[in-house]
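Okay, structure first, notes after.
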Amino acid sequence: LRIEVAQRLARGDLCPLLGAGVVVGTVRKTSRYCSRMRVTSRYRVQDGQVVCELEGYGRTLVAPVELEPSSLVDLGDGYARDAHRVVANGEIIEGADAASFTVLRGGYAKDAFTIYYEGERVEGPDDDAWYVPSFVAFGARYIGDLRGVYCVRYGYDCYETNLVEGASTNDFEEVGLTFGRAPLAGVLFNNGEADRSLDAASFALRSRFFAVDKAGVYHLRYGGKPS
């Protein structure tokens with residue numbers, strides 16, 4: 001849904017994509033995190049009904065959502081719930097447990113039984129189940145459970161979830177792009193692999209294409225490889 005909305009917003013095609021009752025307005029500047037499609041979602045009550053605002057490319061689409069206004073909670077990052085149901089980007093997540101639903105980071109969320117990414121159920125590594133109580137998301141790229149930290153990266157023709165050797169969920173943070181860091185151990189990871197050519201403590205991203213550490217400035221080539 002979000003990809004289609006982004007395409008329609010970008011080219012200015014504002015016919016009723018989301019069904020009856022679509023309202024077109026102007027985007028208000030917010031400090032919310034913008035998704036990779038540059039479309040944000042938020043929820044509010046309008047005329048006694050819950051609506052979802054999809055914002056981006058200088059425009060706003062508003063569509064009704066099947067949630068109860070009296071118990072609406074906007075959870076952030078595109079998620080919302082009422083006393084019984086959960087939605088992601090305006091669409092009901094079938095089977096999600098509203099009472100235990102928690103938003104994490106980078107588009108991830110979980111309830112007592114399942115892990116979700118942007119509203120879709122996420123299988124564990126090697127088709128094994130995630131240990132839901134211990135599952136953490138450091139961002140969109142690095143996640144983990146009691147077995148360790150995993151890196152989600154693009155493989156030959158699909159996304160792969162690989163264990164990050166030597167990383168612990170008790171000492172890890174996502175820096176951004178393909179980078180993660182174990183601050184206490186002083187190790188920087190790039191695409192899930194330790195990169196000891198860079199200083200972990202001082203490493204910082206300056207844009208999508210440049211990074212710095214105490215030794216210099218680096219251009220990030222394809223795949224995030226410094227040069």
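Each residue takes its place number in the sequence, starting with 1. Given the structure is predicted, the values throughout are model-derived calculations rather than measurements. Below, all heavy atoms of this structure are taken into account, side chains as well, without hydrogens, waters or symmetry copies.
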Note to self: Once you measure the plane-to-plane angle for Phe101 and Tyr79, does it fall in the parallel (<30°), tilted (30-60°) or perpendicular (>60°) bin?
What the structure shows: tilted

Check: [Y] and [X] side chains under 4.5 Å, non-hydrogen atoms:
{"X": "Phe135", "Y": "Val122", "answer": "no"}
{"X": "Arg85", "Y": "Glu68", "answer": "yes"}
{"X": "Tyr116", "Y": "Ile93", "answer": "yes"}
{"X": "Glu174", "Y": "Tyr142", "answer": "yes"}
{"X": "Gln46", "Y": "Arg44", "answer": "yes"}

For [X] and [Y], which heavy atoms make the closest approach, and how far apart are they?
{"X": "Arg141", "Y": "Arg153", "result": "NH1-CA, 3.6 Å"}
{"X": "Gly95", "Y": "Asp111", "result": "O-OD2, 4.3 Å"}
{"X": "Pro69", "Y": "Gly48", "result": "CG-O, 3.3 Å"}

Taking atom [atom1] of [X] and atom [atom2] of [Y], what is their separation to the nearest 0.5 Å?
{"X": "Glu173", "Y": "Arg181", "atom1": "CD", "atom2": "CZ", "answer": "4.5 Å"}
{"X": "Leu67", "Y": "Arg81", "atom1": "CG", "atom2": "CZ", "answer": "10.5 Å"}
{"X": "Leu54", "Y": "Cys52", "atom1": "CG", "atom2": "SG", "answer": "4.0 Å"}
{"X": "Leu177", "Y": "Phe209", "atom1": "CG", "atom2": "CZ", "answer": "9.0 Å"}
{"X": "Leu220", "Y": "Leu205", "atom1": "CG", "atom2": "CG", "answer": "6.5 Å"}

Do [X] and [Y] pair up side chain to side chain, a donor and an acceptor below 3.5 Å, judged on atom types alone?
{"X": "Tyr108", "Y": "Asp77", "answer": "no"}
{"X": "Ser168", "Y": "Asp171", "answer": "no"}
{"X": "Asn89", "Y": "Ser41", "answer": "yes"}
{"X": "Thr178", "Y": "Asn190", "answer": "yes"}

Cluster link [X] to [Y], ILVMFWY, side chain under 4.5 Å:
{"X": "Leu188", "Y": "Val164", "answer": "no"}
{"X": "Val152", "Y": "Leu104", "answer": "yes"}
{"X": "Phe113", "Y": "Val136", "answer": "no"}
{"X": "Val87", "Y": "Val73", "answer": "no"}
{"X": "Leu75", "Y": "Tyr43", "answer": "no"}

Check: CD of Gln49: more than 12 outside heavy atoms within 6.0 angstrom?
Finding: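 More than 12 heavy atoms, drawn from other residues, nucleotides or ligands, come within 6.0 Å of this atom.
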
Note to self: Determine whether the aromatic ring centres of residues Phe189 and Phe179 are separated by less than 6.0 angstrom.
What the structure shows: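 No, the ring of Phe179 stays outside the 6.0 Å limit from the ring of Phe189, centre to centre.
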
Next item on the list: Show the numbers, then the answer: is there a ring-ring contact (aromatic ring centres under 6.0 Å, His included) between Tyr150 and Trp130?
Entry: CA-CA 11 Å; Tyr150 292 83; Trp130 290 108; 5.3 Å; yes

Notebook entry, point to check: Charged N to carboxylate O under 4.0 angstrom, Arg147 versus Asp128?
Noted result: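 Here Arg147 pairs with Asp128 in a salt bridge, since their nearest N and O are under 4.0 Å apart.
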
